[in-house]
Asker: 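Sharing a structure, written as structure tokens. Questions coming.
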Amino acid sequence: MLGSRTGGDTLDRVRGPKVASSTRTSTVGGVVHAARFSLRAAFEMQATAAATLGSPMYATLHRELADRYDDDPTAAVLRDLLEGRSERPVHDAVVLRLAGAVHRLVLSGAEPELATYYPSMGGRPRRGLVDEFLRVVDRRRVDVDVALDQQVQTNEVGRAALLAGGFCLLARRFGRPVELMEIGASAGLNLRWDSFWYDTGHSSVGDPHSEVGFTDVWTTPPLLSPVTVVGRQGCDIAPLDAADPDARLRLLSFVWPDQPGRLTRIRAALTIAERVPVAIDRADAAEWLTLRLGDRVAGTTGIVYHSIVWQYLPSATQQTVTAALHDHGTRATVDQPLAWLRMEPAGAVTDLRLTSWPGGHEEILATGSIHGARIEWSGTTS
């Protein structure tokens with residue numbers, strides 16, 4: 001990964017020597033962390049993550065591919081395509097890249113037989129899925145190989161429901177318009193968060209007529225209140241244009257096929273993106289943020305934020321971003337406060353953590369799932 005991970009689930013490709021065995025580490029919120037492990041282990045771990053995160057189709061698919069991977073003749077095409085591609089196949093999302101490459105072919109209409117197994121195309125997962133999946137990989141080997149070089153991009157819109165509580169809190173706390181600065185913004189869908197609708201049953205914010213709405217994702221809700229956004233900017237090392245059909249297909253391909261709610265939501269968010277233009281800079285996170293923090297909008301609360309990004313940044317980038325935030329934080333005033341809001345894995349969940357200046361106070365505001373559901377607000381409401 002070089003600079004900034006994109007879209008919430010993006011990892012840059014790293015080629016290296018073939019790895020036959022590995023050291024395994026922990027699964028955090030459905031995201032597995034490890035330095036090195038075998039490709040079979042990568043399939044096994046992704047199967048576990050899919051089961052945990054509500055995709056029985058991918059759980060079954062990845063589990064059977066793991067069982068076949070080492071010596072089954074039908075999996076020879078996988079060994080040919082994947083061996084030597086990465087020293088860290090889970091960290092580099094090799095399995096998700098493969099699944100996305102095939103899903104893209106299905107969504108494009110290029111593989112109608114396999115589409116009969118995919119709920120995203122009106123199909124039904126059933127016996128024979130894995131055999132047909134492997135036949136498509138073999139038949140479309142060139143297309144799959146090219147797609148394996150592309151980063152995973154989900155730009156998960158569900159995370160906006162967790163972030164929204166933090167944005168509202170900061171607007172109330174400092175009483176000022178906000179300027180948004182997102183690291184790893186992908187297509188910038190969550191930079192349009194205030195064009196979505198959020199209703200906890202006790203408070204609400206956003207556009208009540210929006211195509212994207214959140215009403216049942218909180219187990220313990222935050223206090224939602226009006227936010228005035230006067231600036232929205234993002235960076236990504238490989239940004240996607242939400243108006244580009246190929247980019248839209250790529251985003252959809254990384255959403256798991258048996259999760260129709262997520263697919264519907266991202267399609268709706270892409271529609272909103274057509275009405276709400278946002279420019280995403282192609283830039284390294286550390287370099288971009290250093291420049292942006294030096295060019296703030298006067299009289300606003302600057303909010304630097306990211307979701308499921310930090311763990312994939314190189315340590316040097318993490319250190320530079322942290323140092324820049326703390327440096328500018330020491331110069332923040334009540335007239336121009338600064339906040340660092342981040343949704344990142346924390347044990348079996350993700351947490352929403354906030355550091356704000358003046359003062360540099362750090363607090364955990366909420367926890368939730370990696371896709372933004374089951375949100376439990378635990379922080380202050382003021």
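The model shown is predicted, which means the values in this text are computed figures rather than measured ones. Heavy atoms only: backbone and side chains are in, while hydrogens, waters and symmetry mates are out.
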Asker: I'd like to check V144 versus V136 (side-chain heavy atoms, cut-off strictly below 4.5 Å). Are they in contact?
Answerer: no
Asker: Give a yes or no on whether a salt bridge exists between E111 and R139, defined as a side-chain N under 4.0 angstrom from a carboxylate O.
Answerer: yes
Asker: Are V276 and V229 connected, step by step, through hydrophobic side chains (Ile, Leu, Val, Met, Phe, Trp, Tyr) whose heavy atoms are closer than 4.5 Å?
Answerer: yes
Asker: Answer yes or no: is there a donor N or O on one side and an acceptor on the other, between the side chain of S210 and the main chain of S195, under 3.5 Å?
Answerer: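 Checking the backbone N and O of S195 against the side chain of S210, a donor-acceptor pair under 3.5 Å is found.
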Asker: Could you tell me how the ring of W310 sits relative to the ring of H306: parallel (under 30°), tilted (30 to 60°) or perpendicular (over 60°)?
Answerer: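 Aromatic pair W310/H306 classed parallel.
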Asker: Would you call R267 and E211 a salt bridge, taking side-chain N to carboxylate O under 4.0 Å as the test?
Answerer: no
Asker: Looking at CG of D246 and OG of S108, how far apart are the two atoms once the value is rounded to the nearest 0.5 Å?
Answerer: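 Output value for this atom pair is 10.0 Å.
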Asker: Do the side chains of D67 and R40 get close enough for a salt bridge, i.e. N-O under 4.0 angstrom?
Answerer: yes
Asker: Enter the distance from H328:NE2 to T290:OG1 here, rounded to the nearest 0.5 Å.
Answerer: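 If I round to the nearest 0.5 Å, the distance is 6.5 Å.
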Asker: Do you know which two heavy atoms are closest between Q336 and A298, and how far apart they sit?
Answerer: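 Scanning both residues completely, I find the closest heavy atoms to be NE2-CA, 3.7 Å.
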Asker: Check the pair L251 / L240 against side chain to side chain contact (heavy atoms under 4.5 Å, CB included), numbers first and verdict last.
Answerer: CA-CA 9 Å; L251 284 173; L240 294 180; 3.7 Å; yes
Asker: Does one hydrophobic cluster hold both W197 and L191, with members joined at side-chain heavy-atom distances below 4.5 Å?
Answerer: no
Asker: Answer yes or no: is there a side-chain heavy-atom contact under 4.5 Å between E156 and R265?
Answerer: yes
Asker: If I take atom CD1 from residue I237 and atom CG from residue D284, how far apart are they, to the nearest 0.5 angstrom?
Answerer: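 The distance works out to 8.5 Å.
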Asker: Just how far is it from atom CH2 of W193 to atom CG of L163, taken to the nearest 0.5 Å?
Answerer: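 The CH2 atom of W193 sits 9.5 Å away from the CG atom of L163.
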Asker: What verdict does the ring pair (Phe, Tyr, Trp, His ring centres under 6.0 Å) test give for H202 and W218, after you've listed the backbone C-alpha separation in whole Å, the side-chain angles of each residue and the deciding distance to 0.1 Å?
Answerer: CA-CA 11 Å; H202 302 281; W218 298 273; over 10 Å; no
Asker: Tell me the closest heavy-atom pair linking F133 and L65, and the distance in Å.
Answerer: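 Closest approach of F133 to L65, heavy atoms only: CE2-CD1, 3.9 Å.
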Asker: Is Q150 close to F254 at the side-chain level, that is, under 4.5 Å between some pair of heavy atoms?
Answerer: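 No, too far: nothing below the 4.5 Å cut-off.
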Asker: Taking C-beta and beyond as the side chain, do H103 and Y118 meet within less than 4.5 Å on heavy atoms?
Answerer: yes
Asker: Should L249 and V157 be regarded as members of a common hydrophobic cluster, given that ILVMFWY residues are connected when their side-chain heavy atoms come within less than 4.5 Å of each other, either directly or indirectly?
Answerer: yes
Asker: R141 versus D138: any side-chain heavy-atom pair under 4.5 Å?
Answerer: yes
Asker: Can you find a heavy atom in the side chain of Y58 that is under 4.5 Å from one in the side chain of L53?
Answerer: no
Asker: Measure the shortest side-chain to side-chain distance between Y69 and S38 over non-hydrogen atoms and say whether it is less than 4.5 angstrom.
Answerer: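 Side chain of Y69 against side chain of S38, heavy atoms only: no contact under 4.5 Å found.
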Asker: Does R127, at its CZ atom, have more than 12 non-hydrogen atoms belonging to other residues, nucleotides or ligands within less than 6.0 Å?
Answerer: no
Asker: Distance-only, no hydrogens or angles: does the S204 side chain make a donor-acceptor pair with backbone N or O of D199 under 3.5 Å?
Answerer: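 Such a contact is absent between S204 side chain and D199 backbone.
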Asker: Does a side-chain heavy-atom distance below 4.5 Å link V95 with E44?
Answerer: no
Asker: Counting N and O atoms only, with roles assigned by atom type, does the side chain of T367 sit under 3.5 Å from a partner on the main chain of D351, one being a donor and the other an acceptor?
Answerer: no
Asker: Is there a donor-acceptor contact under 3.5 Å from the side chain of R250 to the main chain of Q151?
Answerer: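 Judged by distance alone, yes, a pair lies under 3.5 Å.
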Asker: Given the rule in the salt bridge (Lys or Arg N to Asp or Glu O under 4.0 Å) test, do R296 and E179 qualify, once you have shown the distances and angles that lead to the verdict?
Answerer: CA-CA 8 Å; R296 291 268 316 280; E179 180 185 7; 3.4 Å; yes
Asker: Taking all non-hydrogen atoms of both residues, which atom of E132 and which atom of R135 are closest, and how far apart?
Answerer: OE1-NH2, 2.8 Å
Asker: Taking all non-hydrogen atoms of both residues into account, name the closest pair between M343 and I370 and its distance.
Answerer: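 Of all heavy-atom pairs spanning M343 and I370, the closest is CE-O, 3.8 Å.
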Asker: Does a side chain donor of either S55 or D258 reach within less than 3.5 Å of an acceptor in the other side chain?
Answerer: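 Present: a donor and an acceptor within the cut-off.
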Asker: Give a yes or no on whether a salt bridge exists between D327 and R331, defined as a side-chain N under 4.0 angstrom from a carboxylate O.
Answerer: yes
Asker: Starting at CG of L338, measure out to CH2 of W357 and round the result to the nearest 0.5 Å.
Answerer: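 Spacing of CG (L338) from CH2 (W357) equals 5.5 Å.
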Asker: Would you mind telling me which of L352, V304, L169 makes a side chain to side chain contact (heavy atoms under 4.5 Å, CB included) with L341?
Answerer: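 That would be L352; it is the only one of L352, V304, L169 passing the side chain to side chain contact (heavy atoms under 4.5 Å, CB included) with L341.
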Asker: Hey, does the side chain of R97 reach the backbone of D92 with a donor-acceptor pair shorter than 3.5 angstrom?
Answerer: yes
Asker: Looking at every non-hydrogen atom in both residues, tell me the closest pair between A161 and Y198 and how far apart they are.
Answerer: CA-CE2, 3.8 Å
Asker: Tell me the closest heavy-atom pair linking Q153 and A238, and the distance in Å.
Answerer: NE2-O, 2.9 Å
Asker: What do the steps show when you test L39 against E83 for side chain to side chain contact (heavy atoms under 4.5 Å, CB included), and what is the final call?
Answerer: CA-CA 8 Å; L39 280 154; E83 290 295 332; 3.5 Å; yes
Asker: Can you tell me if T333 and D335 form a side-chain donor-acceptor pair at under 3.5 Å?
Answerer: no
Asker: Report yes or no: does N155 contribute a side-chain atom to a donor-acceptor pair with the main-chain N or O of L189 at less than 3.5 Å?
Answerer: yes
Asker: Using modelled atom types only, decide if a donor and an acceptor are shared between the side chain of T264 and the backbone of G261 within a distance under 3.5 Å.
Answerer: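 Answer holds: no.
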Asker: After noting the C-alpha distance and the side-chain angles of E376 and V349, does the key distance pass the side chain to side chain contact (heavy atoms under 4.5 Å, CB included) rule?
Answerer: CA-CA 10 Å; E376 185 170 338; V349 296; over 6 Å; no
Asker: So, taking the atom named CG in L223 and the one named CH2 in W377, what distance separates them when rounded to the nearest 0.5 Å?
Answerer: 9.0 Å
Asker: Check the angle between the aromatic planes of H62 and F43 and answer parallel, tilted or perpendicular using the 30° and 60° thresholds.
Answerer: tilted
Asker: Do you know which of R353, R173, R342 makes salt bridge (Lys or Arg N to Asp or Glu O under 4.0 Å) with E363?
Answerer: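 The passing option is R173.
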Asker: Are any of the side-chain nitrogens in E182 or R192 under 4.0 Å away from the carboxylate oxygens of its partner?
Answerer: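 No salt bridge links E182 with R192.
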Asker: Run V130 and L134 through side chain to side chain contact (heavy atoms under 4.5 Å, CB included) and show every step you take.
Answerer: CA-CA 6 Å; V130 177; L134 290 169; 4.1 Å; yes
